[in-house]
Student: 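Below you'll find the structure I mean.
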Amino acid sequence: MRHNDLVDDPLRIADEVADALADGRPVVALESTIIAHGMPHPRNVETAFALESLIRSGGAVPATVALVDGTLRVGLFDDDIEQLGSTDEVAKVSLRDVGAVLASGRLGATTVAATIFAAHRAGIRVFATGGIGGVHRGDDHDISADLTALGRFPVAVVCAGAKAVLDLPRTLEALETLGVPVLGWRTEAFPEFWTRGADLPVDARVDGADHAAAVLDTHWSAGLTTGAVLGVPIPTGHEADRAVIDAAITDGLAAAEVAGITGSDITPFLLAHIGDATGGASLDANVALVQENANVATEVAVALATTR
Ligand code: PSU
Ligand code: MN
């Protein structure tokens with residue numbers, strides 16, 4: 001610990017990622033909270049490696065983000081991923097936590113918010129995850145900093161919408177207020193994570209990677225500095241049963257209340273509860289959707305790299 005020293009810039013970009021960025025080749029960022037807090041071991045680690053290899057097969061370089069030994073790492077070693085997925089003591093790092101966790105030297109998993117920030121600092125424009133955080137249900141004003149980060153940094157987040165445990169209409173209203181475009185990948189409906197969605201509209205539909213890249217490139221070329229959400233529906237066939245998921249969510253929210261779970265512990269608690277309540281079906285769906293998102297993010301990153 002170096003409390004009194006001036007600290008150097010803690011950003012550390014892996015060589016492979018830095019080389020790709022310097023050459024203008026496509027890079028896709030990945031978060032690590034989904035590994036450390038979003039899925040149980042060993043599915044989490046298997047999924048993290050699977051995402052990296054899907055991105056490579058699509059012709060881009062993966063850059064998983066985490067806080068390791070006091071540095072903000074963009075691009076991890078396999079050992080780091082193993083550790084993030086198998087250690088209990090990993091901090092969940094959102095924007096507000098970056099400084100304290102870096103200063104402590106603890107291992108930290110980045111949320112969507114902190115990953116957007118790190119991707120932007122590294123010069124990465126495309127990031128794949130499961131689902132963003134948003135406005136929670138109820139009136140306790142729990143609003144994920146994922147929305148704040150989307151409003152502040154020019155990174156496209158490819159995701160299956162927002163987790164259905166949230167208040168999705170309010171989440172979309174908040175994104176509108178922040179000036180964050182919500183695009184639908186070959187759909188007009190905002191995806192609802194474990195299901196494809198049908199009830200809520202996106203702002204614009206895009207019909208492929210070139211179309212998505214054109215919209216994003218134009219948004220940023222026009223001078224807008226906000227991020228974007230590219231909502232990709234879970235592949236048909238992997239969709240969870242809507243009624244089963246809805247019942248598990250209702251039950252999970254009640255269980256969280258009884259157990260007094262609040263703040264940043266809510267999302268991991270709900271995901272674990274819904275996984276148990278659905279006999280693992282929600283986890284299978286989660287793995288399928290995040291893989292689809294990595295594939296789409298790779299296509300979009302490749303298309304963006306060729307428009308430049
Ligand atoms: N998507 C998933 N699994 C997850 C998350 C998203 O498929 O575990 C995580 C993301 O890291 C997201 C976080 O940023 O949940 C939101 O947490 P909160 O609501 O506390 O901001
Ligand atoms: Mn919160």
Side-chain angles (χ1 to χ4, degrees), residues 28-39 43-44 47-48 51 65 92 94 109-116 119 126-137 142-150 155-175 180-185 187 189-200 202 227-235 238-240 242 245-246 248-249 252-253 264 266-275 278 281-297 300:
V28 175
L30 294 165
E31 60 149 313
S32 45
T33 292
I34 190 169
I35 309 173
H37 306 106
M39 290 183 187
R43 280 299 277 293
N44 56 355
T47 303
L51 297 181
V65 174
K92 177 176 163 182
S94 190
T110 50
T111 62
V112 168
T115 307
I116 289 173
V126 181
F127 159 30
T129 185
I132 58 169
V135 180
H136 285 260
R137 298 185 193 185
D142 181 348
I143 300 172
S144 177
D146 293 358
L147 302 183
T148 313
L150 276 162
V155 173
V157 180
V158 182
C159 58
K163 281 177 289 284
V165 300
L166 300 166
D167 185 328
L168 297 181
R170 280 191 179 151
T171 299
L172 289 171
E173 290 293 343
L175 287 165
V180 175
V182 178
L183 310 177
W185 177 258
T187 180
F190 184 64
E192 301 186 10
F193 201 67
W194 296 287
T195 58
R196 295 175 64 85
D199 301 335
L200 300 163
V202 294
V229 171
L230 175 54
V232 179
I234 183 172
H238 290 279
E239 250 189 311
R242 177 73 189 257
I245 286 288
D246 283 349
I249 292 171
L253 289 166
S264 62
I266 283 267
T267 299
F269 177 89
L270 288 175
L271 290 173
H273 185 97
I274 293 162
T278 60
S282 70
L283 178 58
D284 291 342
N286 199 343
V287 170
L289 69 85
V290 72
Q291 293 189 350
E292 175 77 356
N293 298 342
N295 284 329
V296 171
V300 172

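The structure presented is a predicted model; accordingly, all values stated were derived computationally and were not measured. We number each residue from 1, following the sequence as shown.
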Student: Can you tell me how far apart CZ (R196) and CD1 (I234) are? Round to the nearest 0.5 Å.
Tutor: 9.0 Å
Student: At their closest point, which heavy atom of A294 faces which heavy atom of A128, and how far apart are they?
Tutor: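 Minimum heavy-atom separation between A294 and A128: CA-CB, 3.9 Å.
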Student: Closest heavy-atom contact between V135 and T171?
Tutor: N-OG1, 3.0 Å
Student: Under the side-chain contact (heavy atoms from CB on, under 4.5 Å) rule, what do V165 and W194 come out as? Steps first, then yes or no, please.
Tutor: CA-CA 10 Å; V165 300; W194 296 287; 4.0 Å; yes
Student: Partners of T187 by side chain to side chain donor-acceptor pair (under 3.5 Å), sequence neighbours excluded?
Tutor: none
Student: P268 and K92: which non-hydrogen atoms are nearest, and at how many Å?
Tutor: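 Between these two residues, the closest heavy atoms are CD-NZ, 3.7 Å.
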Student: Roughly how far apart are T195 OG1 and L289 CG, rounded to 0.5 Å?
Tutor: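 If we round to the nearest 0.5 Å, T195:OG1 and L289:CG are 10.0 Å apart.
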Student: Test of understanding: with salt bridge (charged side-chain N to carboxylate O under 4.0 Å, His left out), list the residues that count as partners of R137, not counting sequence neighbours.
Tutor: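 If we apply the salt bridge (charged side-chain N to carboxylate O under 4.0 Å, His left out) test to R137, skipping adjacent residues, there are no hits.
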Student: With a 3.5 Å distance limit and no angle check, can you tell me whether N293 reaches the backbone of T129 through a side-chain donor-acceptor pair?
Tutor: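 Yes, because the side chain of N293 sits within donor-acceptor range (under 3.5 Å) of the backbone of T129.
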Student: Run the side-chain contact (heavy atoms from CB on, under 4.5 Å) test on L175 and I132 for me, step by step, so that the C-alpha distance in whole Å, both residues' side-chain angles and the decisive distance to 0.1 Å come before the verdict.
Tutor: CA-CA 11 Å; L175 287 165; I132 58 169; 4.3 Å; yes
Student: Please table the atom pairs, donor to acceptor, closer than 3.5 Å between any side-chain atom in residues 142-150 and protein atoms at least two apart or in another chain.
Tutor:
unit_1: S144; atom_1: OG; unit_2: D146; atom_2: N; d: 3.0
unit_1: S144; atom_1: OG; unit_2: D146; atom_2: OD1; d: 3.3
unit_1: S144; atom_1: OG; unit_2: D146; atom_2: OD2; d: 3.4
unit_1: D146; atom_1: OD1; unit_2: A113; atom_2: N; d: 3.0
unit_1: D146; atom_1: OD2; unit_2: G133; atom_2: N; d: 2.7

Student: Do P191 and V232 touch side chain to side chain, with heavy atoms closer than 4.5 Å?
Tutor: no
Student: What's the spacing between F193 CZ and N286 CG if we round to 0.5 Å?
Tutor: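 Here the rounded value is 4.0 Å.
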Student: Could you state the interatomic distance from NZ (K163) to NE2 (H136), rounded to the nearest 0.5 Å?
Tutor: 8.0 Å
Student: Using the test salt bridge (charged side-chain N to carboxylate O under 4.0 Å, His left out), find all partners of R43 that sit at least two apart in sequence or belong to another chain.
Tutor: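 For R43 the salt bridge (charged side-chain N to carboxylate O under 4.0 Å, His left out) partners, ignoring immediate neighbours, are D284.
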Student: Just to verify, what does A109 make a side-chain contact (heavy atoms from CB on, under 4.5 Å) with, not counting sequence neighbours?
Tutor: S32, T33, A36, H37, L84, V90
Student: Looking at CG of L270 and CG of L253, how far apart are the two atoms once the value is rounded to the nearest 0.5 Å?
Tutor: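 Between atom CG of L270 and atom CG of L253 there are 5.5 Å.
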Student: Rounded to the nearest 0.5 Å, what separation is found between the CG atom of L230 and the CZ atom of F127?
Tutor: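 L230 CG to F127 CZ: 13.0 Å, rounded to 0.5 Å.
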Student: Going by salt bridge (charged side-chain N to carboxylate O under 4.0 Å, His left out), name the residues that satisfy it together with D167, two or more places apart in sequence or in a different chain.
Tutor: R170
Student: Taking T115 as the fixed residue, which of L30, I34, V65 is the one that meets the side-chain contact (heavy atoms from CB on, under 4.5 Å) rule?
Tutor: V65
